[in-house]
Amino acid sequence: MMDPQIERKLIEIMRVIHESDKPIGARAIADELNNRGYDIGERAVRYHLRILDERGFTSKHGYAGRTLTELGEREMNDALIADRFGFVISRIEEMAFRTTYNPETNEGVMPVNISYFDKDDLETVIEVISYTAHEGYMISPRVRIIEEDEELLSLPPGKIGIATVCSVAFDGLLLKAGIPVEPAYGGILQIENRKPARFSDLISYSGTSIDPIQIFMSRKTTSVLDVLEKGEGKILANLRQINSSAYDRAREVMKKVERVGLAGYFPPGEVDETLLGAPVETGKFGIAIVGGINGICALEETGIKIKTNPVSTVMEYKTMKEI
């Protein structure tokens, strides 16, 4: 049996190939995997590609790169899905562990989502994301614009990238303070009179191979623009669980980071009680955190085409500027 870590990398390579609209080579695959937090070089990617070729999952198109075969598409979506269960939580835990940001010194890295879009849409992208962030429905109003010639991200021609702070930042900041956080659910949070009312839909992190936030985003179930303009609508949000013994300490940490502009969370619930209609395990309390890509959802609602990789990588927070 092949090492599960190799299988996981094979799946991620297949995902990268699947998401490309043309044949993609080993170097571009390695760049994209690094953007997603995988420390893997071009040589290692070539090794994994040979395995995929031998299994009949990929097809080589000369120097242009590879595409998935019909068998590869089917295998990625079906046969290998069991190997991906628990991957989302592992990814969150990894990004939380890699978070080093210190709000007192403004030094260190934060987990970010990476999105890219047409250059002509830059002004609208900045306007909408700024509006969403300053209304409190994103984690931070700081972003980083990534130009085509930067080495940080491999962008398609004619595209610009934007990094937004991911909600996993709170997991990392709490973990850094000695407070373990458990991802419980991703869901759709109903907003009424500009206040959180209830979760209208939830997907457990423990039972899915795909980020629940990404699932809801792809279903286009949000109405972020209505929330911004009318105070009524649906946004993306997460529910985290924390042990009851850390209740006071967690509140203290959250208030401290709020003072440096990190927002997007709602008051924690009581121990052993549901939060906004979402169940919480015995001996724990819940805290609801807005999705870091609500601004991206708002942009999609305007009709702008934008592609996003949630929980993509970590970035020096001081290199991000407020918009």
Side-chain angles (χ1 to χ4, degrees), residues 110-115 117 121-143 162-171 183-203 205 211-240 254-255 257-258 261-269 274-279 286-311 320 322-323:
M110 294 270 267
V112 296
N113 312 297
I114 302 290
S115 307
F117 50 91
D121 293 324
L122 178 59
E123 185 176 346
T124 302
V125 167
I126 291 176
E127 180 183 351
V128 172
I129 288 183
S130 175
Y131 187 14
T132 311
H134 284 284
E135 286 295 312
Y137 297 113
M138 291 180 66
I139 306 303
S140 170
R142 289 200 199 183
V143 304
I162 188 167
T164 54
V165 178
C166 176
S167 58
V168 177
F170 284 119
D171 299 62
Y185 301 98
I188 297 294
L189 182 60
Q190 183 73 38
I191 302 295
E192 297 177 359
N193 295 320
R194 303 196 179 278
K195 295 181 179 180
R198 73 195 73 83
F199 279 101
S200 60
D201 203 351
L202 291 169
I203 296 177
Y205 275 95
D211 188 339
I213 293 298
Q214 204 164 4
I215 293 173
F216 286 118
M217 187 178 186
S218 67
R219 291 177 183 173
K220 303 188 185 304
T221 48
T222 62
S223 50
V224 179
L225 290 178
D226 286 342
V227 173
L228 295 174
E229 295 167 6
K230 306 172 186 176
E232 311 274 341
K234 298 176 179 180
I235 65 168
L236 297 174
N238 296 280
L239 182 73
R240 300 297 201 246
M254 299 298 266
K255 287 180 180 178
V257 299
E258 187 177 7
L262 294 168
Y265 72 92
F266 300 109
T274 61
L275 178 64
L276 299 171
I287 184 167
I289 301 171
V290 301
I293 54 176
N294 277 317
I296 307 301
C297 292
L299 285 164
E300 289 190 334
E301 291 168 22
T302 69
I304 286 180
K305 294 186 182 301
I306 187 164
K307 188 172 181 180
T308 299
N309 293 321
V311 203
M320 305 177 76
E322 183 170 343
I323 55 173

Exercise for review: Kindly indicate, with the supporting measurements, whether the criterion side-chain contact (heavy atoms from CB on, under 4.5 Å) is fulfilled by L189 and F266.
Suggested key: CA-CA 11 Å; L189 182 60; F266 300 109; 3.5 Å; yes
Revision key, fill the gap. Output for pair (T164 OG1, R142 CZ), nearest 0.5 Å, gives 14.0 Å
Point to revise | Contact check, side chains of N113 and I296, non-hydrogen atoms, under 4.5 Å | key: no
Point to revise | For the student: nearest non-hydrogen atoms of C166 and V311, plus distance | key: SG-CG2, 3.9 Å
Exercise for review: Could you tell me the separation between the CD1 atom of I306 and the SG atom of C297, rounded to the nearest 0.5 Å?
Suggested key: 10.0 Å
Point to revise | Where G186 and P212 come nearest, the two heavy atoms and their spacing | key: CA-CB, 3.9 Å
Practice item. Report yes if some heavy atom in the side chain of I287 is under 4.5 Å from a heavy atom in the side chain of L239; otherwise report no. Key: no
Point to revise | Closest heavy-atom pair and its distance - R194, V227 | key: NH1-O, 3.0 Å
Check your understanding: With a 4.5 Å heavy-atom cut-off, do N193 and E232 have their side chains touching?
Key -> yes
Check your understanding: How far does OG of S167 sit from CG of N294, to the nearest 0.5 angstrom?
Key -> 9.5 Å
Review point. Within 45 degrees of the axis of the six-membered ring of Y205 and under 6.0 Å from its centre: does R240 put its NZ or CZ there?
Key: yes
Exercise for review: Determine, stepwise, if the pair F199 / Y185 fulfils side-chain contact (heavy atoms from CB on, under 4.5 Å).
Suggested key: CA-CA 10 Å; F199 279 101; Y185 301 98; over 6 Å; no
**Study point:** Qualifying residue for side-chain contact (heavy atoms from CB on, under 4.5 Å) with F216, from I235, I203, D211
**Key:** I203
Check your understanding: So, do K234 and T221 sit near enough that their side-chain heavy atoms are less than 4.5 Å apart?
Key -> no
Check your understanding: Side-chain contact, heavy-atom cut-off 4.5 Å: L276 with P196?
Key -> yes
Review point. Rounded to the nearest 0.5 Å, what separation is found between the CD1 atom of I162 and the CE atom of M320?
Key: 8.0 Å
Point to revise | Rounded distance (nearest 0.5 Å) linking atom CD1 of I289 with atom CD1 of I139 | key: 6.5 Å
Practice item. Dump the intermediate steps for side-chain contact (heavy atoms from CB on, under 4.5 Å) on Y137 and I191, then the final yes or no. Key: CA-CA 11 Å; Y137 297 113; I191 302 295; 4.0 Å; yes
Check your understanding: If you look at every heavy atom in I213 and A237, which pair is closest and at what distance?
Key -> CD1-O, 3.6 Å
Review point. Shortest non-hydrogen contact from G233 to Q190?
Key: O-NE2, 3.4 Å
Review point. Side chains of L299 and F117: does their closest heavy-atom pair fall under 4.5 Å?
Key: no
Review point. If you round to the nearest 0.5 Å, how far is OG of S115 from CD1 of I129?
Key: 6.5 Å
Exercise for review: Flag yes if more than 12 heavy atoms outside K307 fall under 6.0 Å of its NZ atom; otherwise flag no.
Suggested key: yes
Check your understanding: Side-chain contact, heavy-atom cut-off 4.5 Å: M110 with L262?
Key -> yes
Point to revise | Pair D201-R219, side-chain contact (heavy atoms from CB on, under 4.5 Å): steps then yes or no | key: CA-CA 12 Å; D201 203 351; R219 291 177 183 173; 4.0 Å; yes
